[in-house]
Amino acid sequence: MNDIKERIAAELLAVRDRSLAYTEAEDDLLVRQHSPLMSPLVWDLAHVGNYEELWVLRAAAGIEPIRPEIDDIYDAFKHPRKDRPTLPLLGPAEARRYIEGVRGRVLDVLDAIDLEGADPLHRDGFVFGLVIQHEHQHDETMLATLQLSGQPGLVREGDLPQGRTGGPEEMYVPAGPFMMGTATLAWAYDNERPAHQVDLPAYWIDRLPVGNRAYAAFIEEGGYDDPRWWSAEGWQWRQRSGVSAPLFWVRDGDGWWRRRFGRTEPVPMDEPVQHVSWYEADAYARWAGKRLPTEAEWEKACGWDPRARRARRYPWGEEAPDPARANLGHRAARPAPLGAYPAGASAYGAEQMVGDVWEWTGSWFQPYPGFRAFPYKEYSEVFFGQEYRVLRGGSWAADPAAVRTTFRNWDYPIRRQIFTGFRCARSELV
Ligand SMILES: [Fe+2]
């Protein structure tokens, strides 16, 4: 096997180990629905195998369906998450057998396939990149489900670097054009393409994500009770939901505790805030005299190298993420303290832009000019419009295989179960 095939085989193995680790639990925990926002874990498990069957075996290799009768059950578009427990799902043991059977054939296809062929699904292993990233994204979703389940002892902990204090609060990004999106990254999704020039006025962006200490100050100063800080829809949501702190926070006298994977612990004040909705992020930013960065501002501050006039794959350059540069790939089940990654700074000096928490941006999820759906409309195109807000950067639960400066994620502005925080920006005063 050549290098790229070896890399694909290693990535397939790693992501499957991850999925199996998250579903190493009693059957009851796997088949139960822990929240109407989430699928039962056993749905995610069989769904990643079904997706792999559809795309690698059927679409790329032209192999006859193995289990066509289950396609409907695992089609994310046919059944919203809240309805999935009522479907005739494969049980845990059967789901594991099914995905293992699919995977065996996938490795045979990988062995035989020509990755330099004309088929865009084959070229540079795109279809394998598609299923690897897809499975990692479901693994992150499974972690959100495990967090919602409140069950202790299921999710691995680990060590993170220390934080550091000091340094500027904001970084300056001078006016000028940059290249947004990508034309060259082989495994990038359709929504990251094509690369296109965007000219931005000068702005300031926070060097670090907003931390729990600053967010707690927003709460103490009545941020949740003052409609001045909220958008009209945000205020409606706040009134309707009764929300008054990040999800999983619990007040205890003058302090805050949080629930995290079945433990209850004091909120670490030097960590980026997570589990806040877009509306909360937007209100905090207004209270702080700032705003959320647009998606373009976020990407320029993260990935543009103004000296080389070139976009970087990661904030620090092209080298793969490592433990000194970013908190990715579930090294520990939490964001790292603020200031933990000076070596991961971008060309403009912004830190912790990839890893730790997804970051809400002020932008709707929209196509780039010249967008073409590939390999199917339901990946991105059906989500474009003014319904979903863009998230950037990847969380501690995102795998490096599904993180890069151009990667776009999106969700409803009310969502809080995802590992999401934010940083602020402001326009240069003129
Ligand atoms: Fe999926």
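Numbering of ligands and ligand atoms starts at 1, following listing order. For this chain, numbers begin at 1 and follow the sequence in order.
The distance between the ring centers of F365 and F383 does not fall below 6.0 angstrom. Less than 6.0 angstrom separates the ring centroid of W230 from the ring centroid of Y224.
Judged by a 6.0 Å distance limit and a 45° cone about the ring axis, R389 is positioned over the six-membered ring of W364.
Ion pairing of R7 with D3 is absent here, as no side-chain N (NZ or NE/NH1/NH2) approaches a carboxylate O to less than 4.0 Å.
Every salt bridge (charged side-chain N to carboxylate O under 4.0 Å, His left out) that E192 has, sequence neighbours left out, goes to R404.
Screening H330, E359, E140 against S395 for a side-chain hydrogen bond (donor to acceptor under 3.5 Å, both in side chains) leaves a single residue, E140.
Taking distances strictly below 2.8 Å, the protein N/O/S atoms close to the Fe ion (ligand 1) are H47 NE2, H134 NE2, H138 NE2.
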